Undergrad: 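My structure is below; once you've seen it, I'll send some questions.
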2 protein chains.
Amino acid sequence: MKRRRRTPTPDLEQAAGAGLMHRRAFIAGAAIAGAVAAEPARAEGLAVEPWMTAPGSPFTGYGQPSRFEAGVARVFANPPNAPGSGAARTPLHRLQGMVTPNGLHFERSHSGVPDIDPDKHRLLIHGLVARPLVFSLETLSRYPMESQIAFIECGGNSAQLYQTEALDADAQRLHGLVSCAEWTGVRLSTLLDEAGVDPTALWVLAEGGDAAGMSRSVPIAKAMGDALVALYQNGERIRPSNGYPMRLLLPGYEGNMQVKWLRRLKLVETPAMTRDETAKYTLLRPDGSALQFVFAMEVKSVITQPSPELSLKEPGLYEISGLAWSGAGRIVKVEVSADGGRSWAEAHLQQPILSKALTRFRLGWRWDGGPAVLQSRATDEEGNVQPTREALLARRGARALYHFNGIASWGVAASGRVTHVYA
Amino acid sequence: MKRRRRTPTPDLEQAAGAGLMHRRAFIAGAAIAGAVAAEPARAEGLAVEPWMTAPGSPFTGYGQPSRFEAGVARVFANPPNAPGSGAARTPLHRLQGMVTPNGLHFERSHSGVPDIDPDKHRLLIHGLVARPLVFSLETLSRYPMESQIAFIECGGNSAQLYQTEALDADAQRLHGLVSCAEWTGVRLSTLLDEAGVDPTALWVLAEGGDAAGMSRSVPIAKAMGDALVALYQNGERIRPSNGYPMRLLLPGYEGNMQVKWLRRLKLVETPAMTRDETAKYTLLRPDGSALQFVFAMEVKSVITQPSPELSLKEPGLYEISGLAWSGAGRIVKVEVSADGGRSWAEAHLQQPILSKALTRFRLGWRWDGGPAVLQSRATDEEGNVQPTREALLARRGARALYHFNGIASWGVAASGRVTHVYA
């Protein structure tokens, strides 16, 4: 194959240093026999494999992935003596596109996944309202619905990058607490309007129906804005691990606030100061004070291919691909570097680019076989630019634990092995 | 609840006859206590259900729907002595949004679902090319990828509406051979460019790796256009029932042509006249001739809620919701009638409206408790308007079997029961 590789034309194709290529050049470059990895056909035929010689499996009511994909799964860990507490992470490096399939959406639970009977579940809206109301799943289903394709990211995603040494882990373990789905439900404002919100109500306490009774305070502006009481996830009823039969969806906000198994919304004057907005989900600053109520997830991106566990076998053409998102709105630009941030090339963004959804980016790369450091840097429609890890730590300190959105780096060794590095 | 219903203001809210309402009026209308179905809270508390009193289930690598949703499944039928031949249908009336979850995507198989080892699977491109090529899954994964959110509809979807009597069946059984997913893969044109297509090649024979060796001829313009060799479905590897490890994606075209388990593409001068483009998937016309090679699926829509199995319990406000699509591009308008086509109101279309994808439409409806006939009529960006069943049959005859895109009707009885009717 290598013998047929054409000499590259640097003026036409080079987009930045260390082999980053304009997409058009990459596609044209791929269209040279053997330039990527195709093999010339040795004969006009193909082997007739056993699965072509007998009828396959019959139909099933609910389909599952191939048995050969069993390794594409969430990884999870939970502390001892805390049943169901912890997180299960999305295998970002094994996925493509922007939608996360429901079985692989990340989950963070505080006391396991409750087995809720939807006929018995109720949602109470009370507190500073004219008419306290109770909704069953059936009555909620009568209301006007709407859909939003939205990412959800845990406030603790990428927390390991606050550590002094770069952890030897893959994209799933480092950044897998973010996922994206099409959520459908009823606008929360429709329900609040029906209950009649008192002007003194500035916050909404949202409580989950799990054994932890997980609770967070949501500012009234968000509750009356794009918040949904979501009933469906990628078309079907929300999965138990994501809040069946209903969850709060606060597009762009910290995952922890988007309360799952939603059972109660209380309109209140001041935030409730729950455990998850005081002891947890606050950012400890260098001066010892804690930053509280950091709602929107910041502009961020991560390269998913290549990345650890996806090593490069030989020098040649590759596509660098990853995901970008911002709680502030649309992604307008993602730049990629192959030389640790010395030079940058603009990646191609996959349409449709949606507000507060994952956006897939792609860029061609000709790996010359030498060491390289891959980075991505996202910019959102408000002009927020993903900071370097160094700049983020200088501003925030290393003990913040939450909301890490600094630039992440993958080191590529001459062997083709890809590892997490600080650069 | 009924005692508090406010008298409607017809001038403001009426969008068409028989209670169809402008969306804004419906949302405002819902915001009257009890106007839809909420119950006043009887106390400040809610029952503490058993699932709040003990930790829930631990984490799982791959999540599944709630056990309470077991009834949301594909229904299927296959003829005797033809293992794996038939179709499994998407439960459209149980879903919301535009994405179909992978486990519920419809499937049509001709000899069951093959259990393909991805490491052994190969894709051969040969025939009228300069360089016959063989691709493994791994080599294909090196190429530039792209995603497209696209519907796939079986050419035989809604075929029962060609029958003289309206079949007593639900949206799933009548129209459930259409689904929508985000597909990601390699542009077919990239691979064909690499093989070097001879100018005499006007068709591509696509062959599947199932025991039926299902084969169809694809015109070269489509193969060099938006066609993908798709590897991913809603983020994860394509499910076995949808072509694992790779399928042809021809956005907007008849499902049967989007060959699953794709193993061979042969560039040829003339169509191959395979069984599925001669004995099947042709439209028998009134004069006895058969219309062959009807590629694009026509503009179409179907109301999913309310629909059979989703009966109305009492007069009052409801949301009419459904799906629209066209193989010619974007949906620009969906009109809804509640009086069997005498008057029409324009429905709200959910963003993003994507070319050759399902588009969700919604419209408020105040059911007065009398008999009604619900219909929807879609228009696409090329100006194609979904015809009445009568007009379609007048043009095409009743023996065409495929490509039924006429307006469908749900009859609502005074009892609230919804049934399939001709109107």
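Throughout, protein chains are lettered first and strands after them, A, B, ... in sequence-line order, and every chain is numbered starting at 1. The shown structure was predicted, so the numbers you read here are calculated from the model rather than taken from an experiment.
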Undergrad: Which answer fits Tyr244(B), side chain, backbone, both or neither, if we ask what part of it has an atom under 4.5 Å from a heavy atom of chain A?
TA: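 Only the side chain of Tyr244(B) comes within 4.5 Å of chain A.
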Undergrad: Below 4.5 Å, heavy-atom pairs only: which of Gly61(B), Ser85(B), Pro114(B) has the largest tally toward chain A?
TA: Gly61(B)
Undergrad: Which one, Gln148(A), Gln351(A), Lys120(A), Arg122(A), leads in non-hydrogen pairs under 4.5 Å with chain B?
TA: Lys120(A)
Undergrad: Where does Leu192(A) contact chain B at under 4.5 Å (heavy atoms): side chain, backbone, both or neither?
TA: neither
Undergrad: At their closest point, which heavy atom of Thr53(A) faces which heavy atom of Val48(A), and how far apart are they?
TA: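 Minimum heavy-atom separation between Thr53(A) and Val48(A): CG2-CG1, 4.0 Å.
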Undergrad: What residue in Thr100(B), Val75(B), Thr60(B) has the most heavy-atom pairs under 4.5 Å with chain A?
TA: Thr60(B)
Undergrad: Under 4.5 Å from any heavy atom of chain B, what part of Glu49(A) do you find: side chain, backbone, both or neither?
TA: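 Side chain of Glu49(A) only, per the 4.5 Å heavy-atom cut-off to chain B.
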Undergrad: So which of Ala70(B), Ser111(B), Pro101(B) has the largest heavy-atom pair count under 4.5 angstrom toward chain A?
TA: Pro101(B)
Undergrad: Quick one: which of Leu123(B), Val99(B), Leu140(B), Leu231(B) has the most heavy-atom pairs under 4.5 Å with chain A, could you say?
TA: Val99(B)
Undergrad: Taking Arg263(B) for the side chain and His121(B) for the main chain, is one N or O donor matched with an acceptor at less than 3.5 Å?
TA: no
Undergrad: Got a sec, which residues hit side chain to side chain donor-acceptor pair (under 3.5 Å) with Ser241(A), two or more places apart in sequence or on another chain?
TA: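 Ser241(A) satisfies side chain to side chain donor-acceptor pair (under 3.5 Å) with no other residue.
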Undergrad: Identify which of Pro58(B), Gly364(B), Ser109(B) forms the greatest number of heavy-atom pairs closer than 4.5 Å to chain A.
TA: Ser109(B)
Undergrad: Would the distance check show the side chain of Ser66(B) and the main-chain N or O of Pro240(A) forming a donor-acceptor pair, the cut-off being under 3.5 Å?
TA: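 Pair absent, no side-chain N/O of Ser66(B) close to backbone of Pro240(A).
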Undergrad: Report yes or no: is the cationic atom of Arg74(B) (NZ for Lys, CZ for Arg) under 6.0 Å from the centre of the six-membered ring of Tyr62(A), at an angle within 45° of the ring normal?
TA: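 Verdict for Tyr62(A): no cation-pi partner in Arg74(B).
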Undergrad: Which one wins on heavy-atom pair count under 4.5 Å against chain B: Gly112(A), Gly213(A), Pro65(A), Gly86(A)?
TA: Pro65(A)
Undergrad: Go through the structure and list residues passing side chain to side chain contact (heavy atoms under 4.5 Å, CB included) with Ala73(A), not counting sequence neighbours.
TA: none
Undergrad: Go through the atoms of Glu236(A) and report whether side chain, backbone, both or neither lie under 4.5 Å from a heavy atom of chain B.
TA: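 For Glu236(A), backbone and side chain are both near chain B.
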Undergrad: Keeping Gln233(A) on the side-chain end and Arg239(A) on the backbone end, is there a donor-acceptor pair under 3.5 Å?
TA: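 Indeed, once roles are kept as given, a pair shorter than 3.5 Å links the two residues.
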Undergrad: Using the ring of each side chain (for Trp, its six-membered ring), is Phe135(B) parallel, tilted or perpendicular to Tyr143(B), with breaks at 30° and 60°?
TA: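 Phe135(B) and Tyr143(B): perpendicular rings.
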Undergrad: Based on non-hydrogen pairs under 4.5 Å, which of Ala195(B), Pro50(B), Ala87(B) is most in contact with chain A?
TA: Ala87(B)
Undergrad: Counting only N and O atoms by type, is there a donor-acceptor contact under 3.5 Å from the side chain of Glu107(B) to the main-chain atoms of Gly243(B)?
TA: no
Undergrad: What part of Gln64(B) is in contact with chain A, defined as an atom under 4.5 angstrom from a non-hydrogen atom: side chain, backbone, both or neither?
TA: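 Gln64(B) touches chain A through backbone and side-chain heavy atoms alike.
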Undergrad: Checking heavy atoms, do the side chain of Leu363(B), its backbone, both or neither come under 4.5 Å from chain A?
TA: neither
Undergrad: Which bit of Phe76(A) is near chain B, if near means a heavy-atom gap under 4.5 Å: side chain, backbone, both or neither?
TA: side chain
Undergrad: Under 4.5 Å heavy-atom distance to chain B, tell me which part of Asp117(A) shows up: side chain, backbone, both or neither.
TA: both
Undergrad: Can you tell me which portion of Tyr232(A) sits under 4.5 Å from chain B's heavy atoms? Options are side chain, backbone, both or neither.
TA: side chain
Undergrad: Can you say whether Ile116(A) sits under 4.5 Å from chain B via the side chain, the backbone, both, or neither, judging by heavy atoms?
TA: both
Undergrad: If we ignore hydrogens and angles and just use 3.5 Å, is the side chain of Arg237(B) paired with the main-chain N or O of Pro245(B) as donor and acceptor?
TA: no
Undergrad: So which of Pro91(A), Gly196(A), Pro118(A) has the largest heavy-atom pair count under 4.5 angstrom toward chain B?
TA: Pro118(A)
Undergrad: I need the residue from Cys180(A), Ser57(A), Ser136(A) with the largest number of non-hydrogen atom pairs under 4.5 Å to chain B.
TA: Ser57(A)
Undergrad: Less than 4.5 Å to any heavy atom of chain B: does that hold for the side chain of Glu182(A), its backbone, both, or neither?
TA: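 Side chain only.
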Undergrad: Nearest 0.5 Å, please: how far is CG in Leu317(B) from CZ in Arg142(A)?
TA: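 Reported value, rounded in 0.5 Å steps: 7.0 Å.
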Undergrad: Which atoms of Arg67(A) are under 4.5 Å from chain B, going by heavy atoms: the side chain, the backbone, both sets, or neither?
TA: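 Interface part for Arg67(A): side chain.
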Undergrad: Are any side-chain N or O atoms of Gln305(B) and backbone N or O atoms of Leu95(B), one a donor and one an acceptor, separated by less than 3.5 Å?
TA: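 Between the backbone of Leu95(B) and the side chain of Gln305(B) there is a qualifying donor-acceptor contact (under 3.5 Å).
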Undergrad: Is Ala212(A) close to chain B through its backbone or its side chain, or both, or neither, when contacts mean heavy atoms under 4.5 Å?
TA: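 No part of it gets close to chain B.
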Undergrad: Under a 4.5 Å cutoff for heavy-atom pairs, which residue among Ala77(A), Gly97(A), Ser321(A), Ala54(A) has the most contacts with chain B?
TA: Gly97(A)
Undergrad: Between Met145(A), Arg94(A), His105(A), which shows the greatest number of heavy-atom pairs under 4.5 Å with chain B?
TA: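 The residue among Met145(A), Arg94(A), His105(A) with the greatest pair count is Met145(A).
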Undergrad: By a 4.5 Å heavy-atom criterion (distance strictly below it), what part of Pro352(A) contacts chain B: side chain, backbone, both, or neither?
TA: side chain
Undergrad: Salt bridge check: are Asp210(A) and Lys260(A) linked by an N-O gap of less than 4.0 Å?
TA: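 Answer for the salt bridge query: no.
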Undergrad: Could you tell me which portion of Thr184(A) (side chain, backbone, both or neither) has an atom closer than 4.5 angstrom to a non-hydrogen atom of chain B?
TA: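 Only the side chain of Thr184(A) comes within 4.5 Å of chain B.
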